[in-house]
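The shown structure was predicted, so the numbers you read here are calculated from the model rather than taken from an experiment. Residue numbers begin at 1 in each chain, while the letters A, B, ... track the order of the sequences.
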Amino acid sequence: MSITLLDVYDRLLAHYGPQAWWPGDSRLEIMVGAILTQNTSWRNVEKAILNLKEEGLFDPFKLQETPQEGLAEIIRPAGYYRLKAKRLQNLMRYVVETHHGDLDAMFACSLSALREDLLALNGIGPETADAILLYAGELPTFVVDTYTARVLKRHGWIEQEADYHQIQDLLVSELPQEVPLYNEYHALLVRVGNAHCRKTPKCDTCPLCELLPPGGIEEGF
DNA sequence: CTCCCGCCGA
DNA sequence: TCGGCTGGAG
């Protein structure tokens, strides 16, 4: 293919400009947001985060200690609230017990070791782990989400059956392995995906419209 | 595959 | 009124 994934990045950046991700101004807030936003619109996550701040719970120790049912009610606007209360406390327990609640110390550990630790926690899969590592830890790992898969597959840049790791592998192999690029690229993919690469695509007004393959791609979404 | 589950726009 | 939302587990 003549178009490279770096060309795609340039095109998205030119069209949308910098996205200033992750929304959230502390490592802890980014980690909490990463859990709460699982299959949930960011709009609802913001309400839950605001609730946590108003309750004065934005601290790994407090989040871990708060009774689970109470925590669940506080984060209720984010949906799946009982499930997410558990997941949030699983993550906070790890932070407290393994890293003494010190996030700066935690992210000074190696990327591969942290990724393995996070994936071992119940409630953290590859996307959430990578989001935490990249956006909270500023460590170089590419976040692959539903939109990333759709955009790449619909344009024929990767096979339809490609899984998370295969998609991540392609991006990493074709791009400079730099945190600012990974950060911005994922944010731009979410932006274009949310606006255009829906289940029912809106290609006519998409900034990547000209990069569609001639005959279209057979897909099964 | 189903379940987890609130919220909002079409 | 309902589909979809910056997923993950069983």
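Rounded to a whole Å, the CD1 atom of I132(A) is 13 Å from the C1' atom of dG8(C). Separating the CD1 atom of I124(A) from the C1' atom of dG8(C) is a distance of 10 Å, rounded to the nearest angstrom. Rounded to a whole Å, the OH atom of Y147(A) is 13 Å from the C1' atom of dG7(C). Put simply, CZ on R191(A) is 16 Å from P on dC5(C), counting in whole angstrom units. dG7(C) atom C1' lies 10 Å from atom CG of L83(A), rounded to whole Å. Going from atom OH of Y164(A) over to atom C1' of dT6(C) covers 11 Å, rounded to whole Å. Atom C1' of nucleotide dT6(C) and atom CD of Q19(A) are separated by 12 Å, given to the nearest angstrom. The interatomic distance linking L36(A) (CG) with dG8(C) (C1') rounds to 14 Å, in whole Å.
In this structure, L119(A) and H186(A) both approach DNA chain C, and ranking their closest nucleotides by distance from the 5' end singles out H186(A).
The aromatic ring of Y80(A) stacks onto the base of dC5(B), its centre lying under 5.5 Å from the centre of the six-membered base ring with the two planes under 30° apart. Both geometric conditions, a ring-centre gap below 5.5 Å and a plane tilt below 30°, are fulfilled for W21(A) over the base of dT6(C).
Close to dC4(B), at under 4.0 Å from its OP1 or OP2, lies no side-chain N or O of R82(A). OP1 and OP2 of dC5(B) both lie 4.0 Å or more from every side-chain N or O belonging to T40(A). Residue T146(A) places at least one side-chain N or O closer than 4.0 Å to OP1 or OP2 of dG7(C). A close approach under 4.0 Å does not occur between any side-chain nitrogen or oxygen of Y81(A) and OP1 or OP2 of dC5(B). An OP1 or OP2 oxygen of dT6(C) is reached within less than 4.0 angstrom by a side-chain nitrogen or oxygen of N194(A).
Here dT6(C) is the nucleotide among dG8(C), dT6(C), dG7(C) with the atom lying nearest to any side-chain atom of W42(A).
A single hydrophobic cluster is seen to contain both V190(A) and I35(A), as judged by linkage of ILVMFWY side chains at heavy-atom distances under 4.5 Å, directly or through other members.
R87(A) and N90(A) are not linked by any side-chain donor-acceptor pair at a separation below 3.5 angstrom, with hydrogens and angles left out of the test.
Counting only distance, with no hydrogens or angles, the side chain of E55(A) and the backbone of L52(A) share no donor-acceptor pair below 3.5 Å.
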All N/O contacts under 3.5 Å from nucleotides 7-9 of chain B to the protein, with atom names and distances to one decimal?
unit_1	atom_1	unit_2	atom_2	d
dC7(B)	O4'	N44(A)	ND2	3.2
dC7(B)	O3'	N44(A)	OD1	3.4
dC7(B)	O3'	K47(A)	NZ	3.2
dC8(B)	OP1	K47(A)	NZ	2.2
dG9(B)	OP1	R43(A)	NH2	3.1

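A distance of about 13 Å separates the P atoms of dT6(C) and dG9(B), rounded to the whole Å. Rounded to the nearest Å, the gap between the P atom of dG3(C) and that of dC3(B) is 15 Å.
Counting only residues at least two apart or in different chains, side-chain hydrogen bond (donor to acceptor under 3.5 Å, both in side chains) contacts with residues 61-73 of chain A comprise Q68(A)-Q89(A), E73(A)-R76(A).
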